[in-house]
Colleague: 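Questions regarding the structure given below will be posed in turn.
A quick note: this is a predicted structure, and the numbers were derived from the prediction, not measured.
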Amino acid sequence: MAAANSSPGVFLREATQRKLRRFSELRGKPVAAGEFWDIVAITAADEKQELAYKLQLSEKLKKKELPLGVQYHVFVDPAGAKIGNGGSTLCALRCLEKLYGDKWNSFTILLIHSGGYSQRLPNASALGKIFTALPFGNPIYQMLELKLAMYIDFPSHMNPGILVTCADDIELYSIGKSEFIRFDKPGFTALAHPSSLTVGTTHGVFVLEPFNCLEYRDLEYRCCHRFLHKPSIEKMHQFDAVCRPGNVSQQNFAESDTTSLKLDPEYVYTDSLFYMDHKSAKKLLAFYESIGTLNCEIDAYGDFLQALGPGATVEYTRNTSHVTKEESELVDMRQRIFHLLKGTSLNVVVLNNSKFYHIGTTEEYLFHLTSDSSLKSELGLQSVAFSILPAIPECSGNTSCIIQSILDSRCSVSPGSVVEYSRLGPNVSVGENCIISGSYVITTAVVPAYSFMCSLSLKMNGHLKYSTMAFGVQDKLKKNVKTLSNIKSLQFFGVCFLSCLDIWNLKVTEELFSGDKTCLSLWNARIFPVCCSLSDSVTTSLKMLHAVQNKSMFSLSNYTLLSVEEMLVYKDVEDMITYREQIFLEITLNRKQSDLETS
């Protein structure tokens with residue numbers, strides 16, 4: 001038994017549960033100076049998103065779900081061109097300066113990037129990735145609470161500065177009981193996780209300076225020679241980023257988003273979050289003030305970290321292979337940032353017993369919430385979290401996951417599916433690997449396997465309306481074409497989009513798409529009916545899916561139709577929050593009644 005209790009997996013689970021317990025003790029209570037962050041800031045892409053985030057933060061504070069006595073802010077990107085998370089970081093620095101003047105030079109600040117539209121996980125599009133629900137806790141934890149819990153030890157061992165992280169990933173780690181991660185060195189400091197070379201091609205990879213310590217340790221403080229952003233395996237070898245196990249026990253590399261390394265003869269250290277001291281933050285702010293308006297997308301990882309370390313060279317600034325949209329001034333802006341930060345140190349905190357999970361796509365979301373026994377064990381994820389429903393048999397493999405929902409006892413949900421913030425009636429059958437979010441189904445309904453359905457409340461011309469986006473969970477909403485003649489290459493639920501339009505009796509015209517007419521995609525296709533009730537909205541969109549699946553006609557020509565892009569413009573955040581709150585109160589009342597009956 002002693003050997004089993006000392007396994008890295010056990011240490012990781014125990015360390016994670018300790019952090020969760022400590023955060024739970026702080027929820028709803030005023031924090032002492034230095035005990036927690038001075039400021040928690042979340043970035044938003046536009047004013048609609050800013051309002052949604054502020055309303056949700058306000059609700060959380062009112063319900064005492066967050067530590068009190070902390071300044072919580074939402075910083076919105078300026079209107080105009082997309083500026084990326086690097087641009088959002090610069091913008092946030094300016095907001096801090098405006099709000100606090102010189103005072104912020106003594107603050108510990110957590111900056112969470114949540115400004116995207118979550119096109120690969122659209123149930124997070126309306127209310128934000130950082131407010132994605134997770135199946136544990138009472139009240140239910142969302143990604144925000146999980147982030148705050150996992151970073152609970154950081155502020156008290158950090159010099160004034162800013163910790164930068166993203167809203168859709170989870171970092172778990174275990175270190176010695178008397179050890180702490182310290183962010184106290186000048187310049188930048190980043191966390192590093194052992195990963196396979198394949199995973200390294202989609203992350204940042206550290207080329208570390210030689211290290212003389214012969215003893216394996218969970219926590220190591222290293223210096224980074226240079227940082228590679230999404231390098232090829234060939235490049236990893238070329239720049240000596242690849243490590244070989246040698247004296248490091250392979251059992252410490254557990255399975256996660258970074259796949260199992262147990263059989264890999266080689267590995268690399270990949271990035272997650274990073275810290276910059278106040279001096280570095282002020283340098284970036286002065287630069288931002290000097291350039292006026294930013295008109296291109298800057299990546300906080302690729303464009304800031306690649307400029308750091310003694311081995312950094314300017315070549316990366318001309319590599320635009322990982323850029324979504326190439327603006328004319330991008331290379332120039334990158335080169336200016338390179339020369340600004342060149343010579344700044346990049347310190348690395350190597351966490352050998354750690355895991356990095358990404359939950360930014362429908363596939364990742366379904367896997368981690370229903371099938372991933374590791375994450376379930378580490379976080380204590382539940383198959384049924386704060387819900388009313390019939391008993392669902394647990395199976396050893398994947399199961400379904402129900403979060404803050406009310407299901408009739410005669411309803412069925414197949415393994416591998418997630419239902420959140422929804423009500424499902426007696427004759428509803430949900431197939432496998434589905435995502436159902438914010439929906440209300442009272443009529444007899446069969447949701448086909450691999451369906452994605454997410455309902456939104458809308459405010460249109462002063463009236464409350466509803467629309468339900470429906471896709472296949474594997475549909476690529478971001479895939480776009482430039483002309484109407486090419487939309488045949490788009491696929492909806494595995495079927496040629498052109499065929500779907502025929503089934504729905506919709507004509508192929510420019511009016512079929514909202515927004516940019518040279519960027520046509522499922523995201524901006526006007527195909528989703530607007531209805532007067534939430535249940536009608538779900539039923540109508542379900543008919544769309546069935547028509548495509550059965551190749552039978554279902555005309556949409558008499559409906560007002562919106563694209564997902566437009567739904568986010570018309571979304572009624574207050575009504576969506578109210579709907580969730582109604583479900584919450586009903587479950588709470590049901591639990592109180594059950595407690596009374598059993599006492």
Colleague: Are any non-hydrogen side-chain atoms of Pro67 and Phe23 less than 4.5 angstrom apart?
Modeller: yes
Colleague: Return yes if a side-chain donor-acceptor contact under 3.5 Å exists between Glu378 and Tyr357, otherwise no.
Modeller: yes
Colleague: Regarding Lys60 and Glu145, does a basic nitrogen lie under 4.0 Å from an acidic carboxylate oxygen?
Modeller: yes
Colleague: Taking the side chain as everything from C-beta on, heavy atoms only, tell me whether Ser422 gets closer than 4.5 Å to Ser405.
Modeller: yes
Colleague: So which atom in Lys147 and which in Cys166 form the shortest heavy-atom distance, rounded to 0.1 Å?
Modeller: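 Closest heavy-atom pair between Lys147 and Cys166: NZ-O, 2.7 Å.
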Colleague: Do Gln142 side-chain atoms and Phe131 backbone N/O form a donor-acceptor pair below 3.5 Å?
Modeller: yes
Colleague: Would a 4.5 Å heavy-atom cut-off, applied to side chains only, mark Pro122 and Cys454 as touching?
Modeller: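 Pro122 vs Cys454: side chains apart.
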Colleague: Hey, does the Lys NZ or Arg CZ of Arg27 hover above the aromatic six-ring of Tyr141, less than 6.0 Å from the centre and inside 45° of the axis?
Modeller: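 Yes, Arg27 lies over the aromatic ring of Tyr141.
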Colleague: For Thr344 versus Gly187, what's the shortest heavy-atom pair and its separation?
Modeller: CG2-CA, 3.8 Å
Colleague: With a 4.5 Å heavy-atom cut-off, do Asp38 and Val70 have their side chains touching?
Modeller: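 No. Closest side-chain heavy atoms not under 4.5 Å.
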Colleague: If you measure only the distance, is there a donor-acceptor pair under 3.5 Å linking the side chains of His113 and Thr89?
Modeller: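 Note: His113 and Thr89 side chains meet the donor-acceptor criterion.
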Colleague: Side chains of Thr108 and Phe154: does their closest heavy-atom pair fall under 4.5 Å?
Modeller: no
Colleague: Let me know which of Leu163, Asp277, Asp184 forms a side-chain contact (heavy atoms from CB on, under 4.5 Å) with Met158.
Modeller: Leu163
Colleague: Specify the closest pair of heavy atoms between Ile359 and Leu121, including all atoms of both residues, with the distance to one decimal.
Modeller: O-CD2, 3.7 Å
Colleague: When you measure from the centre of the six-membered ring of Tyr72, is the NZ or CZ of Lys54 under 6.0 Å away and within 45° of the axis?
Modeller: no
Colleague: Out of the candidates Phe188, Tyr269, Phe227, only one should pair with Phe206 under the ring-ring contact (aromatic ring centres under 6.0 Å, His included) rule; please name it.
Modeller: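 For Phe206, the ring-ring contact (aromatic ring centres under 6.0 Å, His included) test succeeds with only one of Phe188, Tyr269, Phe227, which is Phe227.
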Colleague: Quick one: does Ile583's side chain get under 4.5 Å of Glu581's, heavy atoms only?
Modeller: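 The answer is no; the side chains never approach within 4.5 Å.
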Colleague: Consider only side-chain N and O atoms of Thr43 and Ser88, and report whether a donor and an acceptor are under 3.5 Å apart.
Modeller: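 Short answer, no.
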Colleague: If every non-hydrogen atom of Leu12 is compared with every non-hydrogen atom of Asn353, which pair is closest and at what distance?
Modeller: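 Here Leu12 and Asn353 meet closest at CD1-O, 3.6 Å.
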Colleague: Tell me whether the guanidinium CZ or amine NZ of Arg182 lies under 6.0 angstrom from the six-membered ring centre of Tyr221 and within 45° of its axis.
Modeller: no
Colleague: Within 45° of the ring axis of Tyr117 and under 6.0 Å from its six-membered ring centre, is that where the NZ or CZ of Lys129 lies?
Modeller: no
Colleague: Grab the two heavy atoms, one from Pro448 and one from Cys434, that are nearest each other, plus how far apart they are.
Modeller: O-SG, 3.0 Å
Colleague: Can you tell me how the ring of Phe356 sits relative to the ring of His203, calling it parallel under 30°, perpendicular over 60° and tilted otherwise?
Modeller: perpendicular
Colleague: Go through the steps for Glu171 and Tyr151 under the test side-chain hydrogen bond (donor to acceptor under 3.5 Å, both in side chains), then give the verdict.
Modeller: CA-CA 9 Å; Glu171 303 93 352; Tyr151 306 161; 2.6 Å; yes
Colleague: Looking only at heavy atoms, what is the nearest atom pair of Ala133 and Glu420, with distance?
Modeller: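 So the two residues come closest at CB-OE1, 3.8 Å.
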Colleague: Mind checking whether Val242 and Leu197 have side chains closer than 4.5 Å, heavy atoms only?
Modeller: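 Counting from C-beta outward, Val242 and Leu197 do come under 4.5 Å.
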